[in-house]
Amino acid sequence: MLIYCAYITLLMIKNINIDGSSPGRSTSKNFVMVHYSSDHISTFDIQRVFSPSIIRHELIYLDRLEVPQDLSAIVSRYRLRFRGDGNVIRLFSDVPLVFFIALFQVYYSSHNIITLQHNEDWMRSVILASEMLGRDIEIIDDRSNTDQILKRAIETGSNIVDPIMPNANALYFRSIGSIIEKPEGSIRNIIFDPDVPDSIIPVLSTTIESEGCTIAAEGIPHPAKIPMAAGTMYVDGFMIDGSYIADPAVVSAIKDGRVSIRHDAISGIIAERDAR
Amino acid sequence: MKPFVYFTLGYRYHMIKQFILRSEDVYAFEFGFPTENPVYDGMKLRRTHDPSVNMYNENENTEVFRMADEVGSRKYSLMYYEVLKSKGTRILDYLNRNGFDGSIIPDLMIDHKDAFYETVELLRQYSLEYVPFVTPITPTKIMQDQISAGGDWIYQGMMPATGVQLPYSIDTIYGHIKPFAGGRHIVYGFGIRDMETMRMLAKYDAFGIAVGTAVVEMIDSGDTVSYRSLIDMILEA
């Protein structure tokens with residue numbers, strides 16, 4: 001308890017709550033986002049280069065996804081569990097969290113898939129998912145080159161996969177709620193590094209019944225137009241410490257002041273047990 | 001089908017009046033009240049809210065509303081919740097006194113859900129119908145709540161914001177709204193301007209077509225001929 005109190009006191013917490021009373025969880029209440037088409041990419045091209053299922057998952061509200069048996073079998077191999085004995089516990093996963101986003105997208109795509117070069121977790125995940133599902137993958141080195149990936153996808157008949165697909169990501173993470181192991185005791189707060197896929201936060205928060213939600217970062221969130229789907233579309237979200245927050249529920253929670261900011265360096269996701 | 005035409009109040013009153021004069025058979029006008037942050041509008045409509053070009057004036061409004069009444073069209077306000085919050089019941093009284101039929105508040109159930117029932121009740125007190133506003137990414141529960149609180153028509157935005165083109169299929173959008181429509185009229189809006197799309201929407205129970213961004217472009221170019229053609233196209237579809 002003493003350690004816990006000292007830990008909290010030492011941290012500089014900037015709370016951006018308006019009323020401070022609302023819990024930081026929301027999976028479907030605040031789901032509507034504003035999407036912008038790219039100025040120079042036609043919807044026809046978007047339809048050609050993304051799997052129709054992924055477009056549907058991304059652009060039409062779906063309460064839930066019926067996970068096909070073979071996909072469910074792959075997901076069930078994994079567990080998301082918290083470890084630690086004290087009041088602060090850490091989320092562990094056998095694979096990077098972004099693997100689940102890669103897995104779903106690769107599953108719903110055609111035989112040939114193509115992606116822009118993103119961070120190591122994404123590349124590892126998308127290659128693993130491709131190997132599991134027997135897909136051929138092509139990587140475009142320049143991560144900002146939307147025109148090149150579109151051109152190559154059209155030429156080769158490939159489907160683009162991308163780590164930032166806000167609504168689909170939320171849907172995929174909701175579908176894997178069953179592999180999250182609820183830790184013992186009541187959880188008062190989830191703290192996450194803005195580099196983690198933010199779509200997991202609402203489902204994690206709901207599953208473990210956390211009362212609050214905090215981003216560990218040096219800066220504060222700034223409203224931004226976030227490029228998604230390999231830069232073919234945009235969505236209203238936030239940028240913090242160079243990372244995107246694009247999940248609809250998290251964006252909505254930030255707007256409503258239901259997310260706190262803690263000026264601290266934390267890697268991954270941790271949870272604080274209620275010490276009461 | 002029935003034409004529903006959007007104008008932002010304050011944006012080029014002179015042209016709005018010219019267009020209303022050519023609005024025979026327009027079923028309803030949606031009059032947008034300018035705001036600093038029209039978040040669910042696309043870039044072209046956002047510009048019409050900009051104080052540097054928007055000369056909102058209640059005397060001009062009176063004339064515009066009178067002309068709309070002479071055409072015999074219904075009148076609906078389209079205002080963001082912030083407008084209602086800042087002006088309070090004065091704006092509801094204003095709408096009531098000017099013979100408005102109802103109000104579309106696009107961000108109410110998205111960003112101000114806690115104020116939903118209170119707002120619907122306030123509208124009712126001023127004899128204004130709440131118009132449900134849904135898009136393809138509106139959660140089903142929110143859609144149900146809105147439709148049950150609304151009147152005889154639903155505004156179905158084809159896109160999450162106006163003036164954008166995303167690769168939706170009409171079939172999927174219809175499948176999203178139909179189970180919840182409960183026999184109410186569906187008015188499709190956002191990014192619709194060609195006859196092919198309108199004819200297709202007619203097959204999906206469309207009661208009306210709402211046009212906004214296309215009308216702003218015509219206002220900017222002073223093109224009353226194209227405006228009338230657009231209205232005729234909707235009527236024929």
Side-chain angles (χ1 to χ4, degrees), chain A residues 18-19 21-22 26-64 165-168 170-171 174 223 225 228-229 232-237 248-249 251-258, chain B residues 37-46 80-82 105-116 132-146 156-180 190-191 194 197 213:
Chain A
I18 291 168
D19 59 14
S21 60
S22 307
S26 171
T27 53
S28 66
K29 280 195 300 184
N30 303 300
F31 211 81
V32 182
M33 298 287 290
V34 179
H35 294 72
Y36 300 98
S37 305
S38 165
D39 295 335
H40 66 290
I41 295 165
S42 71
T43 54
F44 177 65
D45 281 348
I46 294 173
Q47 278 172 320
R48 284 203 289 178
V49 299
F50 286 95
S51 147
S53 294
I54 290 171
I55 287 183
R56 186 163 179 269
H57 296 164
E58 171 55 31
L59 299 175
I60 305 288
Y61 179 78
L62 301 168
D63 277 312
R64 64 197 177 92
M165 300 283 283
N167 291 349
L171 182 67
R174 282 210 304 281
K225 214 171 147 187
M228 61 175 192
T232 59
M233 290 178 255
Y234 295 85
V235 65
D236 273 347
V251 167
S252 185
I254 292 174
K255 277 188 193 167
D256 292 352
R258 287 180 281 125
Chain B
N37 191 20
V39 65
Y40 297 107
D41 282 308
M43 293 307 162
K44 282 184 181 152
L45 287 186
R46 281 186 190 211
Y80 284 84
Y81 182 71
E82 285 305 321
I105 309 173
D107 58 341
L108 178 60
M109 271 300 256
I110 302 169
D111 299 322
H112 306 280
K113 190 169 181 290
D114 292 345
F116 176 66
F133 172 87
V134 302
T135 77
I137 52 174
T138 304
T140 46
K141 174 72 173 67
I142 290 178
M143 206 151 60
Q144 284 173 307
D145 289 349
Q146 287 198 79
Q156 168 71 59
M158 301 289 285
M159 304 289 156
T162 66
V164 297
Q165 293 294 326
L166 297 179
Y168 291 126
S169 84
I170 294 169
D171 192 54
T172 312
I173 292 173
Y174 183 66
H176 182 245
I177 180 79
K178 188 177 182 296
F180 307 100
F190 290 14
D194 65 274
T197 308
T213 305

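Because only heavy atoms are used, hydrogens play no part in the values below, and waters and symmetry mates are left out as well, while side chains stay in. Each chain gets a letter, A, B and so on, in the order the sequences are listed, and its residues count up from 1.
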Minimum-distance pair of heavy atoms, taken over all atoms of [X] and [Y]:
X        : Y         : answer
Gln47(A) : Tyr168(B) : NE2-O, 4.5 Å
Glu58(A) : Ile137(B) : O-CG2, 4.4 Å
Tyr36(A) : Arg46(B)  : OH-NH2, 2.6 Å
Val34(A) : Val39(B)  : CG2-O, 3.7 Å

Interface residue of largest heavy-atom contact number with chain A, from Met143(B), Met159(B), Gln165(B), Met43(B), under 4.5 Å: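 Heavy-atom pairs under 4.5 Å are most numerous for Gln165(B).
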Go through Pro167(B), Ser169(B), Gly175(B), Pro136(B) and name the one with the most non-hydrogen pairs under 4.5 angstrom from chain A.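 Most heavy-atom pairs within the cutoff with chain A belong to Pro167(B).
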Heavy-atom donor-acceptor pair, Thr43(A) side chain to Leu166(B) backbone, under 3.5 Å: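 Between the backbone of Leu166(B) and the side chain of Thr43(A) there is no qualifying donor-acceptor contact (under 3.5 Å).
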Rounded distance [0.5 Å steps], [atom1] in [X] versus [atom2] in [Y]:
X         : Y         : atom1 : atom2 : value
Ile142(B) : Tyr61(A)  : CD1   : OH    : 8.0 Å
Ser252(A) : Asp111(B) : OG    : CG    : 6.5 Å
Thr172(B) : Arg56(A)  : OG1   : CZ    : 6.0 Å

Between Ile55(A), Thr232(A), Leu59(A), which shows the greatest number of heavy-atom pairs under 4.5 Å with chain B?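 Among Ile55(A), Thr232(A), Leu59(A), the one with the most close pairs to chain B is Leu59(A).
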Quick check on Lys178(B): does its NZ atom have over 12 non-hydrogen neighbours (other residues, nucleotides or ligands) under 6.0 Å away?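 Counting other residues, nucleotides and ligands, NZ of Lys178(B) stays at 12 neighbours or fewer.
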